[in-house]
Amino acid sequence: MGRLTYILAVSALFGITWMLITARLTLESFGVGFLISALIILLVGTRDTATMQPARLPRQAISLILYTLKSFVDITVASFDVARRVLHPKLPLKPGIVAIPTQDAQQSETIAALSAHAITITPGQLAVDFDGAKTMYIHCLDIDSAQDSAQEQAKRLKALRAILGKD
Amino acid sequence: MINPLLLGTIFVPLLCAAFGLLIGRFRTLQHLLIFGGGVVAWVCSVLLLIANFESGVQIYRVGGWEPPFGIVLVADKLSSVFAVMATTVVAAGLLYALGCKDKCVTYPAFMPLFLCMGVGLNGALYTGDIFTLFVFIELMVISSVFLVAISDNRLGLEAAIKYLFISAMGTLFLLIAIGSIYATFGTLTIADIAQKLATGERPLLAEAAAVMLMCAFLLKSAVFPFHFWQPDFHTTAPTPVHSVLSSVVVKVGIYGLIRMITVMFTQEAATIENILVILGVIGIFFGSLGALRTYDAKRMLAYSTFGQIGFILVAIGWGTPAALVGALVYAVNHSFIKSALLMLTGVVSSRTYGKTATKREIGGVGKGMVLTSILYLLGGMALAGIPPLNGFISKVALVQGGIDAQGWLALGLAVAAGLITLQYMIGTWSLLFQQAPDEGVKAKPTGDAQYAPALLIGLCVLFGIYAAPLVEVVTRTVTDLGDPSLYIRAVLGG
Amino acid sequence: MNILFAIATGIMFGLGVYQLLRRDLIKASFGFYILFTAINLFLLAAGAFEGTVPAYVDAQNEVISGGTPSDPLVQALILTAIVISFGTYALLLSFIVLASRRFKTVDSDEIDDLIG
Amino acid sequence: MSEIVNAGIQLALIILVVLLVPCVWRVVVAHSAAERLQAVDLLTTLLVGIVVVLALVEGVAFVVDIGIALAAFSFIGTLAIARYLSDGRLF
Amino acid sequence: MEIALVNAVPFALAACAMPLSRWLTARALGSLMAGGMALLFVILVGYLPTVSAQGALEMLIAWVPSLNLNLTFYIDGLALIFALTVTGIGALVMLYAGYYFEDAAQAGRFLMLMMAFSGAMLGLVLAGNLLSLFIMWELTSIISFLLIGFKGKDKAARVGATMALIITGGGGLALLAGLMLVGAAAGSYEMAAILNSGDLLREHPAFLAIALLLMLGAFTKSAQFPFHFWLPNAMSAPTPASAFLHSATMVKAGVYLLLRFYPVLGDNDLWTGLLLTVGLLTMFIGAFWAIRQNDLKGCLAFSTVSWLGALVALIGLPNGYGLMAALVGIIAHAMYKGALFLIVGTVDHSTGTRNLDELSGLRAKMPGFAVATAVASLSMAGVPPLFGFVAKEVLLKAMDKAPSAGIVLFVVTAAAALTVTMALILFWDVFMGKYRVAVANHQPAKDVSDPHHPLGDDAYAAAPHHHDAPFPMLLAPAVLGVGSVLFSFLIDPVIKPLIQLTLGTPISLYLIPPQIDLAFQLSMSALAIGFVIFITRSWWRALNLPKLPTGPEVYRAVLGSIDAAGDLLLKTQNGKIRHYLIVMLIAVVLFVVFSNVANVVDWSRARIEIKSAADVLKIMLLLLSLGATWASIAFHKHILAALALGMAGYSIGGLFLLEPAPDVALVQFLVETLATVLIILILAKTSTREREKVIQQAQRGTPRHSNIRDVIIATVVGGIVTLFAVAAVVNRPSRQTVAEWHMENSLPKAGVNDVVAGIITDFRGMDTMIEITVFGLAAISVYTLLTRPPAGKVWRRLQQHTAMQVGEESSEVRADTTPRLSTPLTRFAATIVLPFSFLLAMAQLLYAGVGPGDGFTAGVVTGLGVALWFVAFGYDETKKRLPWLRSGRLIGAGLVLAFVNAAVPLFFGREFAAITIFKELTLPASLKLASTTFFEIGIFLAVLGGISAMMEAIAHPKEVESL
Amino acid sequence: MTVGELLGLAALFFGVAFCVIGVIGMVRLPDVYTRLHASGKVSTLGLWGILLGASLLMEGIAPRAIALAVFLILVQPIASHAIAAAARRSGVPMVLNFRDDMPTPEQLPTETEQV
Ligand code: NA
Ligand code: NA
């Protein structure tokens, strides 16, 4: 059941992507995309036992949308911040590499990866490397901005767990 | 005449090769399947030749599209003769591979690629489209280069690298020619190009394209000065592959040249023919002397091919119908002889512990191999043009062509070089089968099976004693070549 | 414009030839690749050059956007040439790897056991 | 499309193309392979932008599809090179 | 017809010889063959009356008529004389040979060759077609080669055999050329016609060539100076073969040829001058060297050379003065020389030596042979009333009519005197005196280790002690000796008619000359001088003569210089690929330059117009691609060069897009990415040390001039391609292309909006099929080369074990496959990109007809997705987590699908690869289903499999190098 | 000129402007780590602008543009990360270095660049 839900949910996401890449925004097209995606995941997908519970799906979807919106804002802000620093005649930089814990109790690599992804799109930070799934090293344009990185990371992980349905 | 048998020479073997990849784990089954594919191609090519004599040029429109818009396969007499020759030797090569003890033969990819090399050859001969020619030639190149690289001979890799670079040059010449022809005539179908060239108008680039095309074909046939790859590439190949490479694969360029000067660039033919005579004579001497002096019995045969291709080129260059008959008879007979000789050398070298054919290590290894010795001697005699073997028929046809074309100097040289052929063949025969082995050289008790060379030598004897049919076929082929409109009308209609 | 294109094709060919003649097999293989790229440019020059819109037709079998379509046949030829040359190139690269293992060198001047 | 829009598109195109030049320069003059890799990455990103603008120039929407493929798979190239640089030996 | 049967009999007997030798003894076999030959002799005698009554007989069997190659028989007197010699002497030699060999198998092998030779020789003299004459001529050379090399183990035998073959074979080639010129000049290859077209030939411009070529053939075969030396070197043949081939028959083939063509080519200054000079030189040199030999067979060989010279000189005489003497000489020589050879063979057989110094007084042990030798020697010396005397008489008489007769007669008499000496030595030194056989240097006993070897074994039954020869061994020489006596008395009833039949004119021939003429005086003085020389032999034998270059030395020098030329040529094969490429490029440049390529460009149409930003962009991209390409040359470090190359490729992709060719651009981008990935992976797979080494070499070790050379070549080649390209672009406006048809028909006939897709999958679908095959095979090749998977059972066994135990190849290194850059983020990327790539691929595949992308791009896209897995996860984990990834099977399945799909229409009576559009099938989202969809899927699978195979091969941890 | 076109042009030039900034950053910033911030992020937003502009200026582009934008945001950070990791591991130093928590890898390659 959980496996089936997972497949259906991912297929739905892929179905939407299908509509976009084939530039046919119709229900028919979604259906075709959904079927194809399901087939792809069945045939080609990894044999990981990824599961989902149907009841949690709406909450996960809402979390995803919220997270996406927040990311969008983050990216915009980050870009403007970087643009400012780049164009400033004095190049106001205070770069360095900071270690932050991924704090993932379940040792899920996916969450570590997603959090690193999130960090990289947030202002002035860039994941450089990992120590397993526990610690990551991020490069900051301004190391002062990384002072509260641990708190930020906690929030991020919470949001990600909500999306993945693992909270 | 639309004739689906053309598919049997190309797609049936391709299908067999593809299935062969799927069942690579079951070696015996795979080998038999692939051999079956080779035999089917042979049967189809023979039937096509017969059909040609009964009802003229056979064509097949792939996908049903009208030429010049789609691809057309054309079996006229010229391509049919070459194809029968090619499929015969390829089938024999496959047969040899079945009984070959080389390690490389056991790789699952070996037989399918071997067959694909033959397909590339057939395709290049049968295609009526100049770009498809390129594609088929590449199929041949890829397959052969792999087969050489994987050879048990560690230097196969070196040869393969060199060939790949040099062959790339040939491909580039060919593509430049194709591009120029398309830019000039707006078509890729040989018949269509021929028709447009036949109007006598010579738009820009047409002649330059002819030169490029000629260079590409010369390279494929390893003609001086494009020959450097040949001794290396052929010699290091596994025996069954070598026997095909050095006999029929090198003839693709010859075929292309004949096709080019008889159907397409008939006005430029005279210039090209002069070049061919010069290159051919150089090739005869280079090849013959190289064969005489090289250090390896297989390499000797590769150089010999270089020389024999020279004979064929000279005959093409003489340009008269009789000379062309000589060239074609020579080409066909040479394929069988050379292939058989290579296989026999392979049989002997498979008895050496180093799987080598270097004269130092192979001398005397054949002592006691009665059948091999007799077959080799027959092959050697045939190559040197000793009657009543088929090589003699070739020589007579060639010399008559030369006399007909009044090519005295070249004729004299050709005759003189024939003596060198005799010398190196006899020398090597004596080395392999008569001489006592050197100190420390030992022979294995078993080696490769020799059904294939026996069959081919049988053909050599047959085509010597019963030569009239071949000569007749070739003569009629040449007669047809004199009238390109036969070809053009068969393809384009009207 | 067309002249520039043609000249660039020639220059690229020349660069490819120079690169092909390096003794370093890896560099030479780059030359091989450049040459096949150059030949694609040549084919393009030979056929598809004059178009202003892609060779597509709409549902009414009219050329899309109403311009001059670039020659589709040459494009098809180039596609085939690209695929074939890529396959050959991959094979060449694997040969070089093998050569470095077998002959302990990637210097073509040192891979010269086949002489005479 | 009006003349102004057309002119704007052409201008955008030219600017994007001119931007390629510093990227190339950075590929040629750099201290480390990683810097060059970064420049190539930026260059392909710019090319994606150029492809999108070209869709406007040619008036054919599906040209963007090429942009998608380009973006998606130049990324794989970047990753492969990065892995090579970090591992020395890949496999 | 019967004459063809006559000719076929020896061949048939030859074919039986080996099988029969299992059941028959050597003697029985020899007798059987001899019987066959004797029968033929009788049959041939039966032709005499017919020929003398009706003239020449002809019979034609067509063989390859279009090459003028027929088996024609032409029987006249000349042919009969030779045919009778062949069969008559053949019968005696075969009988003898049966006793000469003790081992039936050896006798079988020997008799097979001998009978085949008899057939060839008969065919030669009976041939009525130039080419069939040549065939038989060559056959005799070949069989002679095999017989000389009968004892293949002996190096001298091999060298002698090869020498004989090269010289007679070379002459044969000249003969072939000459004969074919004759055929071309006379307009026919039939002997009868040619003999009637003498005027035609004599006035032909190629007459000189014809005559010289034919003479060359004759001189080599008949061992004329300076080609004579092969004959003494051919004496390693078993003695019966020497007697038959190298004395009585084969060496006379040249003489036969000259006689045969005398009517059309003979009797002119060239003919007389050459034949007389060469013949006399040969005659003297042969006789001179004969008496200086120690080996009995050597003596006989040189004396044969001498006599052959005499025959040639006779044929050279003007007005046919010498022909009668030549014919008489042929018969006489066949008699006594055949006898002497057989006797020497018996001596050798019985005593184990042929060395004159080791033999003496054999008359005690071999009285019969002593008598036979005496008769044959006297005949050879020309003592009346033996037939040899008659021959010498007519010889001297004919020579009297030669131009410069004084000198000629002097030479002939000198040679005759030396011959007399020879005859005396043969008889006296061997048979008279005290019985003595020195057995110091005998050959070791016969090596019987390899009784089954066909050709390479020692045939001699050499005995270390004297043993008596059986009677039939005496019979053959005795019959010949008696013949020498008898024929003198049969001149009128037999010899004269035979020769008259041949010459067609009455001749005068006597045993006793009616008066003592000059010839008789000379003959007698030759006897006297010869006797004197014989007496003084102990003195001149000790004399050291100054050394002149001998035949074999010249032969070796000539062969040596040919060898040297070959070695020189082979030096060009120096193993350096760059040199090869340079030579080739220069050749192409020359060809193009000399084909007036300068005219291909119509510069008036060339133009540079910049109309839009797109044009600016084109120029930028062109510069960019050139700059990046240049950078890829300038960078020594491979990784940087690869990066630059990638940039160049992307720029080219941009150019394609601007052209506008979106389909090509898409493929270019994808393939460029793939190529870059591939290069990088390959770099990682190649030893860093070796790559550093080559980079340093390239920087330091390259001389400046070679760089300049490369620059020049690159510039010239680039310039030529520029010319082609310019010609191509300025050429266009005037032409129409077939692509216009494709534009119009792709939607109606192939159902696609993307015309390029239509061409690729339908109009030129076969190209694509083969192209995909090429790609798949290349991938399989890469995989096989880098991983070397073993086949069959080994393969299955391996899959059960761990990869650590791969096969017999122990040199492998198995690296840790987990990559260092395997961070959670990169792994995450790989996980999401793969399904996305499949989605993209499906979109491209299913909508191939409406937008860029098709089965191929779909395959590349997914293949890159798989590549990312190998990059991010390494080999082991990827193989574990993507179990469906079986590259070989994917390729196979894809190709099978493509071919089968193309074949399906055949079952519905349509063409191979014909398109079927399922129009009635309404699918959602404007999907269309057509047969090409399956083709695209096949392509997709094959390409996916191909790229996976390449990636898998590169990522494979096994570093096998078993060779 | 419609409002849509105006907005489209504006978005287009917004995107182009960010591309320019990204390139300037790549030229001005001192080391590869800092430049990655500029190139990675800026070209993300730059491309988004271009995509938005294109979507507004021509119909049919929008869905594809969305797909491309989503893909870019998913993948571009990963590319930046990979380059940074590669730089770090191959020993490329930070020119401006105010803090470095990351331990030096045990086995740095001896040469800074691979041949
Ligand atoms: Na590249
Ligand atoms: Na398409």
Side-chain angles (χ1 to χ4, degrees), chain C residues 1-4 6-15 17-19 21 23-24 26 30 34 37 42 44-46 48-50 53-57 61 69-73 75-76 78-80 82-84 86-87 90-91 93-94 97-98 100-102 105-109 112 114-116, chain E residues 570 573-578 606 608-609 615 622 626 629 632-633 638 641 645 652 659-664 667 671 678 682 685-687 690-691 694 697-698 710 714-715 717-718 721-722 725-726 728-729 739 742 747 753-756 759-760 764 767 771 774-775 778 781-782 785-786 950 961:
Chain C
M1 196 53 229
N2 55 14
I3 286 294
L4 291 183
I7 292 173
T9 303
I11 294 177
M12 183 155 267
F13 213 93
L15 290 173
V17 167
Y18 181 82
Q19 184 78 310
L21 296 178
R23 60 189 291 182
D24 176 354
I26 294 172
F30 292 170
I34 294 170
T37 311
F42 177 79
L44 193 68
F49 198 82
E50 299 281 309
V53 294
Y56 282 71
V57 290
N61 202 21
S70 55
D71 189 326
L73 183 52
Q75 295 182 42
I78 296 174
L79 287 182
T80 304
I82 289 179
V83 176
I84 288 179
F86 178 76
L91 198 54
L93 289 178
S94 71
V97 171
L98 274 184
S100 91
R101 285 187 202 163
R102 190 177 291 182
T105 181
V106 287
D107 184 343
S108 76
D109 280 9
D112 58 356
L114 285 170
I115 50 173
Chain E
L570 285 184
Q573 193 80 12
N574 66 358
K576 304 266 192 283
I577 175 73
R578 298 193 294 152
I608 303 175
E609 292 166 353
D615 283 349
L622 279 176
L626 290 180
T629 309
S632 83
I633 293 175
H638 296 135
L645 211 55
I652 302 269
E659 234 4 274
D663 296 81
V664 182
V667 171
V671 167
L678 202 64
I682 289 284
K685 201 87 177 148
T686 318
S687 148
E690 281 146 24
R691 285 195 288 112
V694 74
Q697 276 289 350
D710 293 352
T715 312
V717 173
V721 174
T722 307
V726 170
V729 292
H742 294 134
L747 187 60
N753 304 86
D754 179 352
V755 183
V756 177
I759 296 174
I760 284 194
R764 298 185 67 88
D767 275 356
E771 158 210 318
V774 170
F775 188 85
S781 306
V782 172
L785 283 165
L786 292 184
M950 290 177 191
E961 191 48 46

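By convention in this document, chain letters (A, B, ...) are assigned in the order of the sequence lines, proteins followed by strands, and residues within each chain are numbered from 1.
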Legend entry - Where E/L678 and C/A90 come nearest, the two heavy atoms and their spacing: CD2-CB, 3.6 Å
Legend entry - Contacting moiety of C/F86, where chain E heavy atoms sit under 4.5 Å: side chain
Legend entry - Residue among E/M950, E/Q573, E/R578 with most heavy-atom pairs under 4.5 Å to chain C: E/R578
Legend entry - Spacing of E/T722 atom OG1 and C/F42 atom CZ [to the nearest 0.5 Å]: 10.0 Å
Legend entry - Point-to-point distance, once rounded to the nearest 0.5 Å, from CG of E/L626 to CD1 of C/I11: 5.5 Å
Legend entry - Over all atoms of both residues, closest heavy-atom pair of C/D71 and E/A739: OD1-CB, 3.1 Å
Inset, instruction - Any chance you could measure C/L15, atom CG, to E/I633, atom CD1, to the nearest 0.5 Å? - result: 4.5 Å
Inset, instruction - For chain E, find which of C/V83, C/D112, C/T105 contributes the most heavy-atom pairs closer than 4.5 angstrom. - result: C/V83
Legend entry - Portion of E/V774 that has a non-hydrogen atom of chain C nearer than 4.5 angstrom: side chain
Legend entry - Part of C/L114 lying under 4.5 Å from any heavy atom of chain E: backbone
Legend entry - Distance in Å, E/D663 CG paired with C/Y56 OH, rounded so as to fall on 0.5 Å steps: 3.5 Å
Inset, instruction - Can you see which heavy atom on C/T9 is nearest to which on E/A725, and at what distance? - result: CB-CB, 4.3 Å
Inset, instruction - Evaluate side chain to side chain contact (heavy atoms under 4.5 Å, CB included) for E/L645 paired with C/I34, printing each intermediate quantity in order. - result: CA-CA 8 Å; E/L645 211 55; C/I34 294 170; 3.5 Å; yes
Legend entry - Contact winner vs chain C - E/H742, E/R764, E/E690, heavy-atom pairs under 4.5 Å: E/E690
Legend entry - C/F30 versus chain E, the contacting section by heavy-atom distance below 4.5 Å: both
Legend entry - Interchain contact, E/I652 with chain C, by part (heavy-atom threshold 4.5 Å): side chain
Legend entry - Heavy-atom pairs under 4.5 Å with chain E, option from C/S94, C/G87, C/A76 with the top count: C/S94
Legend entry - Main-chain N/O of C/V57 paired to E/N753 side chain as donor or acceptor, under 3.5 Å: yes
Legend entry - Which of E/V721, E/L570, E/V667 touches chain C most, by non-hydrogen pairs under 4.5 Å: E/V721
Inset, instruction - Let me know if E/I577 has heavy atoms under 4.5 Å from chain C in its side chain, its backbone, both or neither. - result: side chain
Inset, instruction - Using modelled atom types only, decide if a donor and an acceptor are shared between the side chain of E/Q697 and the backbone of C/D109 within a distance under 3.5 Å. - result: no
Legend entry - Spacing of E/L785 atom CG and C/L93 atom CG [to the nearest 0.5 Å]: 12.0 Å
Inset, instruction - Output, in order, the C-alpha distance, side-chain angles, deciding distance and verdict of side chain to side chain contact (heavy atoms under 4.5 Å, CB included) for E/E771 and C/L79. - result: CA-CA 10 Å; E/E771 158 210 318; C/L79 287 182; 5.7 Å; no
Inset, instruction - Find the distance between OG (C/S70) and CD (E/E659) and round it off to the nearest 0.5 Å. - result: 7.0 Å
Inset, instruction - Please tell me if the side chains of E/L622 and C/I7 come closer than 4.5 Å, counting only heavy atoms from C-beta onward. - result: no
Legend entry - Heavy-atom pair count under 4.5 Å with chain E, highest-scoring of C/L91, C/I115, C/L21: C/L21
Inset, instruction - Could you look at E/T715 and say if it's the side chain, the backbone, both or neither that has a heavy atom under 4.5 Å from chain C? - result: neither
Legend entry - Exercise: identify the closest heavy-atom pair between E/A728 and C/A46: CB-CA, 3.9 Å
Inset, instruction - Below 4.5 Å from any heavy atom of chain E, which atoms of C/T37 appear? Answer side chain, backbone, both or neither. - result: side chain
Legend entry - Pair E/K685-C/R101, side chain to side chain contact (heavy atoms under 4.5 Å, CB included): steps then yes or no: CA-CA 10 Å; E/K685 201 87 177 148; C/R101 285 187 202 163; 3.4 Å; yes
